[in-house]
Amino acid sequence: MPGRKASEDARRQQIIHAAFDVASRKGLAALTVRLVAAKAGLSTGLVLFHYKTKEQLVIALLDYVLATTTVLRLTDDIAQISSPLDRLLALLAREMDRLSQEPRRIRLFFDFWAKGFTHPRINRRMQAELDRYREAFRPIAEEVLAAEPERFADVSAEGLAAMAVSFVKGCAVQSMIDPKNFDIDDYLAATKGLVGQLAPAG
């Protein structure tokens with residue numbers, strides 16, 4: 001029934017949000033069904049009704065983290081920028097700002113990344129999403145190279161897309177390491193300078 005389905009979906013979201021809160025504060029290793037149930041204000045039995053095992057809960061949490069971390073959206077305001085290079089820089093700025101605002105989410109993301117070394121299922125999911133995130137930068141990277149072939153003569157679309165992801169993730173790591181002193185504007189200014197010097201014209 002539609003009403004029951006909506007209610008079940010809402011309950012599952014409630015559980016995942018509670019799991020995110022627990023894992024992002026205490027670490028993935030400290031995540032237990034009991035702690036999640038307590039945070040959600042539910043019984044452990046109800047949590048296990050929706051997620052049959054802790055393993056299912058962890059994978060569902062991973063999917064939630066990836067869906068809110070490795071998704072690239074080219075909004076209209078950025079898409080309307082005429083210069084491909086300026087468009088790429090604007091996209092980088094938005095992604096850096098977005099991820100640097102959520103150090104707990106980034107810590108959990110890298111917690112999953114570390115767990116992936118001993119957990120093949122998590123590793124496959126992480127790798128697939130990171131590959132997809134990098135590929136999302138490829139179209140704009142290709143536009144940059146087509147617009148400025150001399151400036152970026154020795155740069156491939158794959159390389160430029162990978163560099164973009166490196167800057168974004170590097171920014172997120174820096175904001176996680178030293179959130180009080182991290183300056184997003186300073187980081188972005190350095191990024192613009194480095195991108196501009198990749199292959200200077202002439």
Side-chain angles (χ1 to χ4, degrees), residues 12-13 16 19-20 23-24 27-29 31 51 55-79 81 84-149 152-177 184 187-188 190-192 194-195 198-199:
R12 291 171 72 88
Q13 285 299 309
I16 289 302
F20 174 83
S24 64
L28 197 56
L31 183 71
Y51 298 99
E55 171 85 359
Q56 283 190 13
L57 180 60
V58 168
I59 295 300
L61 176 59
L62 170 62
D63 289 342
Y64 170 74
V65 170
L66 292 175
T68 53
T69 304
T70 56
V71 175
L72 187 67
R73 295 185 178 89
L74 187 63
T75 53
D76 289 343
D77 59 325
I78 292 179
I81 297 174
L85 182 55
D86 287 342
R87 194 157 60 247
L88 174 61
L89 289 170
L91 188 58
L92 285 175
R94 194 196 62 190
E95 285 295 282
M96 288 175 183
D97 184 62
R98 178 177 70 88
L99 294 180
S100 67
Q101 298 301 317
E102 299 185 281
R104 284 173 51 200
R105 185 180 301 278
I106 296 303
R107 279 196 298 271
L108 184 54
F109 176 88
F110 283 106
D111 205 354
F112 271 115
W113 175 258
K115 189 173 180 63
F117 287 106
T118 57
H119 194 297
R121 189 177 179 188
I122 288 177
N123 182 63
R124 287 193 298 270
R125 267 177 159 80
M126 293 286 293
Q127 194 60 58
E129 283 301 305
L130 286 171
D131 288 347
R132 187 187 57 74
Y133 186 67
R134 185 180 64 251
E135 282 300 304
F137 277 97
R138 182 196 287 265
I140 192 170
E142 291 174 344
E143 291 175 3
V144 170
L145 301 185
E148 303 192 50
F152 296 99
D154 299 320
V155 180
S156 68
E158 294 83 357
L160 189 55
M163 181 220 68
V165 173
S166 297
F167 277 126
V168 171
K169 295 302 181 184
C171 177
V173 169
Q174 290 301 316
S175 70
M176 175 184 68
I177 293 172
I184 181 66
Y187 191 96
L188 180 58
T191 299
K192 287 182 177 179
L194 286 171
V195 171
L198 277 178

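Side chains are part of it too, since the values below use all heavy atoms of this structure and drop only hydrogens, waters and symmetry mates.
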Minimum-distance pair of heavy atoms, taken over all atoms of [X] and [Y]:
{"X": "L61", "Y": "A23", "value": "CD2-CB, 3.9 Å"}
{"X": "R94", "Y": "L74", "value": "NH2-N, 4.2 Å"}
{"X": "S100", "Y": "S175", "value": "CA-OG, 3.4 Å"}

Could you list the residues that satisfy side-chain hydrogen bond (donor to acceptor under 3.5 Å, both in side chains) with [X], not counting sequence neighbours?
{"X": "Q101", "answer": "D97"}
{"X": "R105", "answer": "T68, E102"}
{"X": "D86", "answer": "none"}

#### Entry: Any pair counted as salt bridge (Lys or Arg N to Asp or Glu O under 4.0 Å), so long as it reaches residues 56-77, sequence neighbours left out
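Qualifying pairs, neighbours excluded: D63-R125.
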Residues which pass salt bridge (charged side-chain N to carboxylate O under 4.0 Å, His left out) with [X], listed by chain and number, not counting sequence neighbours:
{"X": "R121", "answer": "none"}
{"X": "R98", "answer": "E95"}
{"X": "R12", "answer": "none"}

Going from [atom1] on [X] to [atom2] on [Y], what distance comes out if it is rounded to the nearest 0.5 angstrom?
{"X": "S24", "Y": "L31", "atom1": "OG", "atom2": "CG", "answer": "10.0 Å"}
{"X": "L66", "Y": "E129", "atom1": "CG", "atom2": "CD", "answer": "5.0 Å"}
{"X": "I106", "Y": "I177", "atom1": "CD1", "atom2": "CD1", "answer": "12.0 Å"}

Side-chain donor-acceptor pairs under 3.5 Å in residues 134-145, sequence neighbours left out?
| unit_1 | atom_1 | unit_2 | atom_2 | d |
| --- | --- | --- | --- | --- |
| R134 | NH1 | D131 | OD1 | 3.4 |
| R134 | NH2 | D131 | OD1 | 3.4 |
| E135 | OE1 | R138 | NE | 2.9 |
| E135 | OE2 | R138 | NH2 | 3.1 |
| R138 | NH1 | E158 | OE2 | 2.8 |
| E143 | OE1 | R87 | NH2 | 2.3 |

### Task
With sequence neighbours excluded, tell me which residues meet side-chain contact (heavy atoms from CB on, under 4.5 Å) with Q56.
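Result, side-chain contact (heavy atoms from CB on, under 4.5 Å) vs Q56: Y51, K52, T53.
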#### Entry: Derivation of the side-chain contact (heavy atoms from CB on, under 4.5 Å) call for L62 and M126
CA-CA 9 Å; L62 170 62; M126 293 286 293; 3.6 Å; yes
### Task
Quick one: do I81 and L89 satisfy side-chain contact (heavy atoms from CB on, under 4.5 Å)? Show the steps, please.
CA-CA 10 Å; I81 297 174; L89 289 170; over 6 Å; no
### Query
In chain order, what residues pass the ring pair (Phe, Tyr, Trp, His ring centres under 6.0 Å) check against F20, with sequence neighbours excluded?
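With sequence neighbours excluded, F20 shows a ring pair (Phe, Tyr, Trp, His ring centres under 6.0 Å) to Y64, given in chain and number order.
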Side chains of residues 161-172: which donor-acceptor pairs under 3.5 Å do they make with residues two or more places apart or in other chains?
| unit_1 | atom_1 | unit_2 | atom_2 | d |
| --- | --- | --- | --- | --- |
| S166 | OG | A162 | O | 2.9 |

Please report, to 0.1 Å, the donor-acceptor pairs under 3.5 Å made by any side chain of residues 107-118, with sequence neighbours excluded.
| unit_1 | atom_1 | unit_2 | atom_2 | d |
| --- | --- | --- | --- | --- |
| D111 | OD2 | L28 | N | 2.7 |
| T118 | OG1 | K115 | O | 3.3 |

